[in-house]
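Written below as structure tokens is the structure these notes are about.
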Amino acid sequence: MDSLALGADLEPEPVVDEHSTVTLHVNGDPTTLTVDHRTTVLETLRESLGLTGAKKGCDHGQCGACTVLVDGRRVNSCLLLAVAQDGAAITTVEGLADGESLHPVQRAFVERDALQCGFCTPGQICSAVGMLRESADGHPSHVTEPETVIEPDTVTGPAAPVALDAEEIRERMSGNLCRCGAYPRIVEAIEDVIE
């Protein structure tokens, strides 16, 4: 019979306070800081670096309000541990603009009024930037017609870009929720950037 069945008193495991020093290249600037192993990229950006564009919406990776770009790919920063991103290049909505000149996606969102309350907007913009890169690199989505996909190989080279229509954009942006319902304008803003 095991010790639990006998009612033996078990000592709880001690809580270990683990920290590591990491270097994150945030919006082009290398930043070295010591983080708790449980700290997410979102918490690091907001609480340690003062970059509040990415929002804590659901804290489960389901709403997209925390979307940032890590090494050029869009990710939910609430699910990434900062300690695992040592050396990564992280781009937030604050880092997309070039000085006073807005990124084309940011400009299109403003021109199309593709927002209402603005809470989801930074995540929507970062997701759109990442999505445009994914389609340019030939990554298909769930709605991409299979006959239009040209796979990369040594003869033809890299994959062909995936054409983006409204249906393709909606599918690729479906991980970013907008409680205000600005979806039609968000799609229009992204279409403006494509043209």
Side-chain angles (χ1 to χ4, degrees), residues 16-110 114-115 118-139 141 152 157-159 161-162 164 169 172-178 186 189-190 193-194:
V16 179
D17 188 20
E18 294 288 337
H19 289 78
S20 291
T21 300
V22 296
T23 299
L24 304 174
H25 301 271
V26 181
N27 298 329
D29 296 326
T31 303
T32 301
L33 61 160
T34 301
V35 295
D36 183 297
H37 287 183
R38 300 165 293 180
T39 303
T40 64
V41 168
L42 177 63
E43 293 164 337
T44 302
L45 293 171
R46 292 182 61 81
E47 297 168 18
S48 299
L49 302 178
L51 297 170
T52 57
K55 303 293 190 283
K56 187 174 193 175
C58 66
D59 212 22
H60 295 285
Q62 297 175 344
C63 72
C66 67
T67 304
V68 298
L69 303 172
V70 175
D71 294 330
R73 297 188 57 107
R74 58 189 172 152
V75 297
N76 293 324
S77 62
C78 73
L79 298 179
L80 293 179
L81 295 175
V83 72
Q85 302 307 311
D86 189 22
I90 299 172
T91 304
T92 67
V93 71
E94 294 95 339
L96 290 174
D98 183 15
E100 295 296 316
S101 179
L102 294 177
H103 184 281
V105 174
Q106 291 173 311
R107 190 171 39 258
F109 267 64
V110 171
L115 56 109
F119 186 83
C120 72
T121 306
Q124 296 276 2
I125 289 172
C126 283
S127 188
V129 170
M131 179 269 300
L132 290 168
R133 179 173 292 138
E134 290 166 11
S135 64
D137 290 344
H139 298 287
S141 78
V162 174
L164 293 174
I169 293 168
R172 290 172 182 267
M173 294 294 292
S174 64
N176 289 79
L177 304 181
C178 174
I186 291 169
I190 296 169
V193 174
I194 297 167

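- Proximity of a side-chain donor or acceptor of Asn176 to a complementary backbone N or O of Cys120 within less than 3.5 Å is not detected.
- Shown here are the salt bridge (Lys or Arg N to Asp or Glu O under 4.0 Å) partners of Asp59, two or more places apart in sequence or in another chain: Lys56.
- For Arg133, the side chain to side chain contact (heavy atoms under 4.5 Å, CB included) criterion is met by Asp137, not counting sequence neighbours.
- The nearest pair of heavy atoms linking Cys126 to Leu69 is O-CD2, 3.5 Å.
- The side chain to side chain donor-acceptor pair (under 3.5 Å) test applied to Thr40 returns Glu43, not counting sequence neighbours.
- Between Leu115 and Gln124 there is no side-chain heavy-atom pair separated by less than 4.5 Å.
- With rounding to the nearest 0.5 angstrom, the CD atom of Gln85 is 6.0 Å from the CD1 atom of Ile90.
- For His37, the side chain to side chain donor-acceptor pair (under 3.5 Å) partners at least two apart in sequence or on another chain are Ser20.
- With sequence neighbours excluded, the residues forming a side chain to side chain donor-acceptor pair (under 3.5 Å) with Thr23 are Thr32, listed by chain and number.
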Pair up each side-chain donor or acceptor in residues 92-107 with any protein partner under 3.5 Å, not counting sequence neighbours, and list the distances.
residue: Thr92; atom: OG1; partner: Asn27; partner atom: OD1; Å: 3.4
residue: Thr92; atom: OG1; partner: Asn27; partner atom: ND2; Å: 2.9
residue: Thr92; atom: OG1; partner: Glu94; partner atom: N; Å: 3.3
residue: Thr92; atom: OG1; partner: Glu94; partner atom: OE1; Å: 2.7
residue: Glu94; atom: OE2; partner: Thr52; partner atom: N; Å: 3.2
residue: Glu94; atom: OE2; partner: Gly53; partner atom: N; Å: 2.7
residue: His103; atom: ND1; partner: Val105; partner atom: N; Å: 3.0
residue: Gln106; atom: OE1; partner: His103; partner atom: N; Å: 2.9
residue: Gln106; atom: NE2; partner: Val93; partner atom: O; Å: 3.1
residue: Arg107; atom: NH1; partner: Leu102; partner atom: O; Å: 3.0

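- Scanning for salt bridge (Lys or Arg N to Asp or Glu O under 4.0 Å) contacts around Asp71 gives an empty result, with sequence neighbours left out.
- Every residue two or more places apart in sequence or in another chain that forms a side chain to side chain contact (heavy atoms under 4.5 Å, CB included) with Thr34 is listed here: His19, Thr21.
- Under the side chain to side chain contact (heavy atoms under 4.5 Å, CB included) criterion, Ser141 pairs with Val143, Thr144, Glu168, Glu171, Arg172, not counting sequence neighbours.
- Using a 4.5 Å heavy-atom cutoff, the side chains of Ile194 and Ile169 are in contact.
- Between Glu18 and Val83, every side-chain heavy-atom pair lies at or beyond the 4.5 Å cut-off.
- Looking at residues two or more places apart in sequence or on another chain, you find a side chain to side chain contact (heavy atoms under 4.5 Å, CB included) between Cys66 and Leu42, Asn76, Ser77, Cys78.
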